[in-house]
Amino acid sequence: MSRKQDIVIGLTCIISLLVSVGNVFGGGSAEEEAAVAEPPAVLSGVGHSVHEQAADGLIEEFLNDTGVGRVEWDTFGIGEIHSTILRQSALPSAPFDFGYVLSGDVHPRMLSRFEPLDDWLADYPIEGFPEDFSEGMLEAVTYDGALRAIPMRGVVDALHVNVDLFEERGIDLPRTFEEFVAAAHELTFEREDGTRIYGYSAHGTPGNIPGLVMNFAEAMFPESEDSRIVSSDYRVTISENPTIEAISLVRKLYEAGVLHPDISTHSVDDVTRLYETGRLAMWVGNITNYDTFNDPERSSVAGSSEVIALPYTETYDTDYVGVTPTQFWSFMIPGNTHNAEYAWKLIRHLSSAESQLYSGLNNANQPTRASALANEEYAAEVAYAELASQLTEAAFVNWPPFEGRSEAADIAGNAIIAAMHGDTSPEDATAEAADQIRRLLEDEGLLSE
Amino acid sequence: MKRVSGRRIDLYPYGLVAPILITLTAIVFIPIVHAGYTSFFRFSLGDEMEFVGFRNYSRMLSDPIFWNSVWRTLVFTISSLLFQYLIGLGFALLMSKGFKWQRLWIALLISPAAVSSVVATVIWGYMLGFDGVINFMLSRAGIEPIRWLSSSRFAFISVTTVTVWKFYPEIMLILYASLVSMPQELFDAAEVDGATGWQRFLSITYPLLLPSTLVALSFRMIFTFREFAIPWLLTEGGPTRATNFLAVHMYRTAFVHWNSGAGSAIAWGIMFLTLALSIIYLRLMYRRMFIN
């Protein structure tokens with residue numbers, strides 16, 4: 001090859017590389033600016049598969065009204081959704097236009113990266129906003145005086161029960177927490193063909209198993225201020241009696257084989273699969289799973305799954321129907337998208353009273369609008385509407401908001417799993433975890449004792 | 001061609017390697033330097049950065065979870081490498097003998113390397129689950145099911161086993177290429193002199209394999225030390241941090257706990273540890289190869 005050819009080849013490679021790098025780091029801004037005025041060919045969202053399902057049947061009207069080409073979702077697990085949104089909202093230009101965030105995973109500094117929505121609300125208002133939405137929910141997604149997200153999906157947890165298994169074992173549905181524990185034992189057995197049935201289980205990875213313990217602690221000690229890992233006034237209560245008793249109960253259930261042996265590695269999909277295949281008798285999870293569990297195309301226990309409240313201890317005299325940890329999902333727009341206008345129009349469309357009602361009736365999405373929850377058709381069509389409404393009244397949030405919540409859950413979760421496996425006592429495990437969590441709260445200036 | 005102090009320097013080679021150097025700079029060196037910079041700050045991705053000096057490093061060095069990760073990563077790396085090498089060497093030696101269907105066997109033996117790590121690990125996860133096919137076969141044999149993924153001891157063994165299964169083909173291929181290029185005359189001469197198979201292996205095969213071994217184990221050591229996909233997908237570093245290797249610990253700190261500054265500090269810690277390990281290994285190997 002001649003020297004001139006070498007030069008040409010080398011220069012071509014260098015120029016190609018530089019052009020590629022230039023495009024990656026923000027080239028084409030003029031093209032993107034021109035596209036703002038026109039409906040985009042694709043509007044991209046980041047969320048869970050249930051969010052895409054919730055919008056099913058509602059997108060076509062939006063596409064026809066706005067001229068947007070199509071709407072696409074990138075779906076992930078809950079943890080990955082938030083890390084993806086956090087990473088991509090820090091780029092010069094976001095590769096997605098709208099997303100979904102869970103109240104328990106959002107903190108103030110994350111909210112600061114979201115597009116403020118008040119101006120969009122002024123230009124393109126949502127009917128019935130804000131009266132039709134929970135004040136507490138809106139407050140949770142407000143940062144620096146500006147609304148940053150719109151609540152779209154309630155996540156009220158309830159106790160799903162396989163009534164066929166109850167009938168098979170000759171026991172009634174539990175009305176007290178003590179009956180629940182007894183039922184869990186009774187519903188743990190092995191069939192003649194070797195199939196093992198578990199009385200109860202949960203998604204018990206380190207970040208999630210604290211939820212299981214807090215549910216039990218709340219059920220056993222409903223009047224205690226110490227049934228959380230971190231109380232609402234930022235005291236570390238993991239090493240207090242209610243939590244230790246709850247962890248001890250979890251350990252007994254695990255040793256008795258009531259809880260699945262792989263509970264510490266199970267995701268929510270693993271547990272729902274266990275339930276849908278008839279190998280799990282009871283599970284505390286999102287109340288809207290009732291529709292999935294009773295869908296014959298997706299579940300082998302269709303027609304056998306009911307939903308009730310996880311009951312309190314028999315000594316607790318209350319009008320509340322049962323233990324209800326709650327969270328909610330919200331729509332958000334990244335502050336660095338070029339399609340904020342059309343993302344807002346989509347959110348506005350999906351947040352309308354009609355869309356929320358449609359989604360609640362057809363797509364197993366629990367509405368966040370009071371009018372949808374109280375709608376007669378919704379109450380008539382959705383089997384769990386009344387229970388959802390009752391549970392919402394009794395709902396509590398497991399964790400107070402703070403940046404180190406994820407790390408605190410991890411610390412607590414590993415301590416719980418160690419105690420559950422018998423590697424250490426609940427007292428020793430929680431004492432060490434308490435010290436580590438206190439340091440986290442001290443760093444943020446939140447610790448109170 | 002350029003003249004510098006009377007010497008002619010040929011610039012064309014530099015021009016031709018420039019694209020890859022620029023690429024490496026952009027995707028490797030700049031991120032490394034950026035991570036080093038951010039390790040002195042407290043921030044979450046996309047957030048304001050607050051300078052904290054060496055706080056991330058001092059916390060990392062005083063964190064028992066970090067040292068637990070270091071210890072477990074070292075044990076994982078050494079044990080995994082040992083088995084990767086032994087199995088890879090064994091299969092390479094077998095495949096270097098000519099026999100019927102040899103090429104088919106080679107294809108089958110290197111097939112783990114052709115499967116995506118994520119896909120393979122997810123399938124292993126189903127197999128190793130308490131209700132999975134491995135426990136099913138054990139129960140048919142009258143053996144109690146084992147918590148392959150939810151017991152601290154067995155989770156470590158499971159992750160190591162899957163890692164060995166996935167990556168022994170890389171070592172096997174490198175050693176196989178070296179074996180088939182060895183001069184047959186050496187072995188013929190040794191055989192004529194009465195050397196046994198084991199003596200031929202120790203005196204001829206193994207010394208000639210040392211350069212390939214150096215290359216194979218160097219690369220595998222670095223990648224095994226940084227292994228993330230297999231432990232994360234199988235156990236997410238659990239149970240109770242039994243498989244919380246350094247890469248998993250770094251990912252969890254940066255992307256689950258959203259502490260990107262501390263995550264960057266751990267990343268640099270991994271880099272220095274990898275460098276130290278590599279230096280120790282290379283010095284030992286060079287000493288063995290050229291001095292002993």
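These numbers were taken from a predicted model, which means no experiment stands behind them. Each chain gets a letter, A, B and so on, in the order its sequence line appears, and its residues count up from 1.
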Heavy-atom distance under 4.5 Å to chain B: side chain of [X], backbone, both or neither?
| X | value |
| --- | --- |
| A/Arg405 | neither |
| A/Pro206 | neither |
| A/Asp423 | side chain |
| A/Leu274 | side chain |

Atom pair [atom1] ([X]) and [atom2] ([Y]), whose distance is rounded to the nearest 0.5 Å:
| X | Y | atom1 | atom2 | result |
| --- | --- | --- | --- | --- |
| B/Asp63 | A/Arg439 | CG | CZ | 8.0 Å |
| A/Arg196 | B/Ser139 | CZ | OG | 12.5 Å |
| A/Glu80 | B/Phe255 | CD | CZ | 12.0 Å |

Could you have a look at A/Ala415, A/Gly404, A/Pro261, A/Gly204 and say which one has the most heavy-atom pairs with chain B under 4.5 angstrom?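 Looking at each option in turn, the highest pair count goes to A/Pro261.
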Only pairs of heavy atoms separated by less than 4.5 Å count here; which of A/Asp105, A/Asp410, A/Thr265 has the most with chain B?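 Highest number of heavy-atom pairs under 4.5 Å: A/Asp410.
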Side chain, backbone, both or neither: which part of B/Arg59 has an atom under 4.5 Å from a heavy atom of chain A?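 The side chain, not the backbone.
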Structural part of B/Tyr126 lying under 4.5 Å from a heavy atom of chain A: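 Contact with chain A: side chain only.
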Go through A/Asn414 and B/Thr240 one step at a time and tell me if the side chain to side chain donor-acceptor pair (under 3.5 Å) criterion holds. CA-CA 5 Å; A/Asn414 276 294; B/Thr240 58; 5.7 Å; no
With salt bridge (charged side-chain N to carboxylate O under 4.0 Å, His left out) as the test, would you mind laying out the steps for A/Arg273 and B/Asp131 before giving the verdict? CA-CA 12 Å; A/Arg273 193 180 309 117; B/Asp131 302 321; over 6 Å; no
Winner by heavy-atom pair count (cut-off under 4.5 Å) against chain A, out of B/Gly125, B/Gly129, B/Ser150, B/Pro145: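 Option with the top pair count is B/Ser150.
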Please verify the inter-ring angle class for B/Phe130 with A/His260; under 30° counts as parallel, over 60° as perpendicular, anything in between as tilted.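 The arrangement is perpendicular - the two ring planes meet at more than 60°.
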Between A/Asp443 and B/Arg55, is there a side-chain N and carboxylate O pair less than 4.0 Å apart?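 The answer is no: the pair does not qualify as a salt bridge.
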With side chain to side chain contact (heavy atoms under 4.5 Å, CB included) as the test, would you mind laying out the steps for B/Trp258 and A/Glu407 before giving the verdict? CA-CA 9 Å; B/Trp258 294 327; A/Glu407 191 171 354; over 6 Å; no
